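These values consider heavy atoms only, across backbone and side chains, with no hydrogens, waters or symmetry-generated copies. Being a predicted model, the structure only gives us computed values, none of them experimental. In what follows, every chain begins at residue 1, and chains take the letters A, B, ... in the order their sequences are listed.
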Amino acid sequence: MKDQKAIIKDHFSYLFEESLLDEIALVGVHRNVGADEVLIEIGSYVKFMPLLLSGAIKIFRQEKENEQLLYFLEKGDTCAMTLNCCIGQTKSEIKAVAEMDSEMILVPIKKMEDWLSYKSWRSFVFESYNSRMLEMLEAIDSLAFNNLDQRLIKYLKDKATINKNLTIETSHREIAYEMNTSRVVISRVLKKLEKEEKIDLKRNKIILLKF
DNA sequence: TCATTAACACGGG
DNA sequence: CCCGTGTTAATGA
């Protein structure tokens, strides 16, 4: 298991102090997931919180029959919704799906509380909670203004960031599903963005230009 | 006004 | 041929 400790150290020594790294190595479970693997279903009880080492996870919220993409998780992030569920001991209100092949350490949620005595852990939790909160507020703004353009641009930016590539390989249908709207609208807005020379459109491909 | 649904044509793989 | 894409017409919120 000293392998695991080394891995954790490599990824998180910039975040956590030595003793906390030890604790994480002690109780953390290393896990690899494939792209599109479902990690958390709505209604299930969350027993672990993920600390991402590599890859990315997308978080959906379910409303009625639909699923709405809330945000992406990357290395160094943790899931604010997980924090919620843990503290309240409630069922998950979100669904988590691997955006790509990913690697993570799973930590039992009980530890979340225990570790609050670590300054670095408190900062980490508050920091990620804070950034999620801000992101959510932004999301609400654009929803309230019914501004699909903004949402789509943000979606594309996020997608490019997590893939570290300005070329996004996905279909309009896929985007429409994740943003909970129709393909016609996505096609139309993408076309508009193309005319504004912000993106380049190919079959199954979107190339970001001015970002 | 703008999203959605259905329908259609085009074209690449 | 199948699927993704671009567009339009009808309908509704």
For A:Glu197, enumerate each residue passing the salt bridge (charged side-chain N to carboxylate O under 4.0 Å, His left out) test, keeping only those at least two apart in sequence or located in another chain.
-> none
Rounded interatomic separation in angstrom, taking CG from A:Leu152 and P from B:dA3 = 12 Å
Could you check which of C:dT7, B:dA3, C:dT5 has an atom nearest any side-chain atom of A:Lys191?
-> C:dT7
Distance check: side-chain N/O of A:Arg188 vs OP1/OP2 of B:dA3, anything under 4.0 Å?
-> yes
Could you check how far CG of A:Asn204 sits from P of C:dC2, rounded to whole Å?
-> 18 Å
Salt bridge (charged side-chain N to carboxylate O under 4.0 Å, His left out) filter on A:Lys195, not counting sequence neighbours, yields none
Look at A:Arg31 together with A:Glu37 and state whether they make a salt bridge at an N to O cut-off of under 4.0 Å.
-> yes
Salt bridge (Lys or Arg N to Asp or Glu O under 4.0 Å) pairs touching residues 44-57 of chain A, sequence neighbours excluded, are none
Contacts of A:Tyr118 that satisfy side-chain contact (heavy atoms from CB on, under 4.5 Å) - sequence neighbours left out | A:Glu17, A:Ser19, A:Leu20, A:Glu23, A:Trp115, A:Ser120, A:Trp121
So does A:Ser187 get a side-chain nitrogen or oxygen closer than 4.0 Å to the phosphate oxygens (OP1/OP2) of C:dT7?
-> no
Taking protein heavy atoms under 4.0 Å as touching, what does nucleotides 8-13 of chain B look like 5' to 3' if B marks base contact, S marks sugar-phosphate-only contact and - marks none?
-> ---BB-
Could you state the CZ-P distance from A:Arg173 to B:dT4, rounded to the nearest angstrom?
-> 15 Å
What is the distance, rounded to the nearest whole Å, between atom CG of A:Asn147 and atom P of B:dT1?
-> 17 Å
Sequence neighbours excluded, which residues qualify as side-chain hydrogen bond (donor to acceptor under 3.5 Å, both in side chains) partners of A:Ser187?
-> A:His172, A:Arg183
Please name all residues satisfying side-chain hydrogen bond (donor to acceptor under 3.5 Å, both in side chains) with A:Ser131, sequence neighbours left out, ordered by chain then number.
-> none
What are the atom names and distances for every N/O pair under 3.5 Å that joins the protein to nucleotides 9-13 of chain C?
none

Contacts of A:Phe72 meeting ring pair (Phe, Tyr, Trp, His ring centres under 6.0 Å) (sequence neighbours excluded), chain-then-number -> none
Atom pair distance, as rounded to whole Å: CD in A:Glu194 and P in C:dG6 | 7 Å
Interatomic distance where NZ belongs to A:Lys205 and P belongs to C:dT5 [whole Å] | 12 Å
Using whole Å, report how far OH of A:Tyr177 lies from P of C:dG4.
-> 16 Å
Measure from NZ on A:Lys192 to P on C:dT7 and round the result to the nearest Å.
-> 14 Å
Between A:Lys5 and A:Glu18, is there a side-chain N and carboxylate O pair less than 4.0 Å apart?
-> yes
